[in-house]
Number of protein chains: 2
Amino acid sequence: MDSVSVSSPQDGARLESRRTRILDAAEKLFAEHGYDGVTLRAIAREADVDVALANYHFGRKHELFEATFMRRAELLNRWRIRALDEAIASAAPEAPSVRAIMDAYLYPLLHGPHLSDPAWRSYYALVAYVNNSTEWGGKLMSRFFNPMVDRFIDALRKALPNAPEEALFWGYHCLSGALTLAFAQTGRLDKLSGGVCSSEDLEAAYTHIVAFVTAGFEQINLSVE
Amino acid sequence: MDSVSVSSPQDGARLESRRTRILDAAEKLFAEHGYDGVTLRAIAREADVDVALANYHFGRKHELFEATFMRRAELLNRWRIRALDEAIASAAPEAPSVRAIMDAYLYPLLHGPHLSDPAWRSYYALVAYVNNSTEWGGKLMSRFFNPMVDRFIDALRKALPNAPEEALFWGYHCLSGALTLAFAQTGRLDKLSGGVCSSEDLEAAYTHIVAFVTAGFEQINLSVE
DNA sequence: GTCTATATGTTGATAGAC
DNA sequence: GTCTATCAACATATAGAC
């Protein structure tokens, strides 16, 4: 159903199907300008296809948006679940540490072509937009990511046996907010730090976020509340 | 310059100036749908004024947007700086603790009418939108908030003498992301937690975020890096 | 699958009366 | 300050030829 592959072998790898080109263009533009800031015409122009094709392949505009959001969400979920399973296996019979759980959650974001591929960077900015949007946040994030997140919360519950339920969920919310803002790469950090940090340095973001949120979660177990 | 007050005493407090009504309507709608998701006509309808008035009072659409963003930003900056100054004064001659600094940063968000006033809740959602937007984030957040944030980073620098500069800025980024997502009230947390937590419970958000980010910052001072 | 053509409505902005 | 009237541009969506 999802034709991420090239349209036909003889074209060479450079020639993607028009359907995929629309998805790529939509991803880039939605990430930059949000849902309402992008027209189907702009997407068609960016993808170098006719305007009517977006409608033919994806139906209405919001369906194209959701298809764009879903494409990489499914990949990401698979990779994260696999990383979590590995963390659980290698810590068995003990529960994996908070740090190991955070690594499983964050490492797949950077592994593979992600850092150098501008399409993945666009996608992360798109997730930041969706996550913080009152229109999409509650719906899309929940639908596509919550089942995966449930598994991570469960692992945290075992790693932090004294933690109140409520604190686990708010802790995840802190993690989610910190992560999506960092990966949105808005350039604000560059200005705030006077050049010491770069918004585009996702490797640095990873390092600092893992340390920050690990301590944030571990504190939950200690608090009396 | 900013006529937040009522237009004339004899109207009674209920009758705001049309200019203020436009600002209020813009705040609500921009928070819900983002910049491009709102038309000047929708704002005029919500404010119950003529379409042409938005242009007369604020000029172009993006100028209205910036005026909306600025209005409460200036108040918030004042309150936060005052809270920080008080924390510094009451800890003197020592530097205030990380916890005290975080309290100064977060407490003004809830103090006063903020919790019960839907307009402030809208504003927080608007900040979340701006913060994570590739179009506005780097520009507007920096312009209106960075001078205030500089002062908080400076306080953190003194509270955490072993912290590398870079880690302080990334730490703030984590704080900012966690905070704005929580105050965006997207409803995701309600679903994720199966009703244990509520996105709208800003008091709970405050409690958990303060604890989470305080631990996140304190960890920086300990890490060898 | 792809494109041309078009229906039908909306957009931001302003000129000019009051 | 406020409103009426209007413009030129652009929006989504689809019907029907190829």
Side-chain angles (χ1 to χ4, degrees), chain A residues 1-12 14-30 32-69 71 135-136, chain B residues 1-12 14-30 32-69 133 135-136:
Chain A
M1 182 183 269
D2 201 75
S3 61
V4 182
S5 57
V6 296
S7 53
S8 86
Q10 69 207 26
D11 292 327
R14 200 188 52 79
L15 260 178
E16 298 168 298
S17 73
R18 281 169 158 81
R19 190 180 184 283
T20 303
R21 291 213 314 266
I22 291 170
L23 225 39
D24 291 341
E27 180 174 70
K28 181 188 168 194
L29 294 177
F30 281 140
E32 280 172 13
H33 308 109
Y35 178 76
D36 297 290
V38 178
T39 65
L40 293 174
R41 287 176 152 74
I43 292 171
R45 203 181 316 124
E46 173 82 24
D48 197 29
V49 301
D50 189 87
V51 214
L53 268 191
N55 185 270
Y56 172 77
H57 283 293
F58 298 97
R60 313 191 96 92
K61 186 184 177 185
H62 76 94
E63 295 177 289
L64 169 59
F65 185 74
E66 291 176 21
T68 306
F69 188 76
R71 178 171 59 159
E135 283 186 295
W136 304 99
Chain B
M1 184 181 267
D2 201 75
S3 62
V4 182
S5 57
V6 296
S7 53
S8 86
Q10 69 206 25
D11 292 327
R14 200 187 52 76
L15 260 178
E16 299 168 299
S17 72
R18 282 168 156 82
R19 190 181 184 281
T20 303
R21 291 216 312 268
I22 291 170
L23 225 39
D24 291 342
E27 178 174 70
K28 181 187 168 193
L29 294 177
F30 281 139
E32 280 171 14
H33 308 109
Y35 178 77
D36 297 289
V38 178
T39 65
L40 293 174
R41 286 175 158 77
I43 293 171
R45 202 182 315 123
E46 173 81 24
D48 198 29
V49 301
D50 189 88
V51 214
L53 268 193
N55 187 268
Y56 172 76
H57 283 294
F58 297 98
R60 313 193 95 93
K61 186 185 178 187
H62 76 93
E63 294 177 290
L64 169 59
F65 185 74
E66 291 175 21
T68 306
F69 188 76
S133 152
E135 283 186 295
W136 304 98

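Chain identifiers are assigned alphabetically (A, B, ...) following the order of the sequence lines, protein sequences preceding nucleic acid strands; residue numbering begins at 1 within each chain.
- Here the CZ atom belonging to A:Arg19 is positioned 11.5 Å from the CG atom belonging to A:Leu53, to the nearest 0.5 angstrom.
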Practice task
Walk me through it: do A:Phe65 and A:Trp136 pass the test side-chain contact (heavy atoms from CB on, under 4.5 Å)?
Solution key: CA-CA 11 Å; A:Phe65 185 74; A:Trp136 304 99; 3.7 Å; yes
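- The side-chain contact (heavy atoms from CB on, under 4.5 Å) search around A:Ala52 returns A:Asp50, not counting sequence neighbours.
- A heavy atom closer than 4.0 Å to some atom of DNA chain D occurs in A:Ala52, A:Asn55, these being the qualifying members of residues 44-59 of chain A.
- Rounded to whole Å, atom C1' of D:dA11 lies 12 Å from atom CG of A:Asp36.
- With sequence neighbours left out, A:Asn55 forms a side chain to side chain donor-acceptor pair (under 3.5 Å) with no residue at all.
- A:Ala47 is linked by a side-chain contact (heavy atoms from CB on, under 4.5 Å) to A:Arg21, A:Ile22, A:Ala25, A:Val49, counting only residues two or more places apart in sequence or in another chain.
- Applying the salt bridge (charged side-chain N to carboxylate O under 4.0 Å, His left out) rule to pairs touching residues 32-41 of chain B yields nothing, sequence neighbours excluded.
- Counting any heavy atom pair closer than 4.0 Å across all strands shown, B:Arg60 reaches sugar-phosphate atoms only and no base atom.
- If you walk DNA chain C from 5' to 3' and mark each nucleotide with an atom closer than 4.0 Å to a heavy atom of chain B, the marks span C:dT11 to C:dT14.
- Distance B:Arg41 CZ to D:dC7 C1': 11 Å, rounded to the nearest Å.
- Residues satisfying the salt bridge (Lys or Arg N to Asp or Glu O under 4.0 Å) test with B:Glu135, not counting sequence neighbours, are none.
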Can you list, pair by pair, the side-chain donor-acceptor contacts under 3.5 Å of residues 56-64 of chain A, counting residues two or more places apart and other chains?
| from | atom 1 | to | atom 2 | distance (Å) |
| --- | --- | --- | --- | --- |
| A:Lys61 | NZ | A:Tyr35 | O | 3.1 |
| A:Lys61 | NZ | A:Val38 | O | 2.8 |
| A:Glu63 | OE1 | A:Arg60 | N | 2.8 |

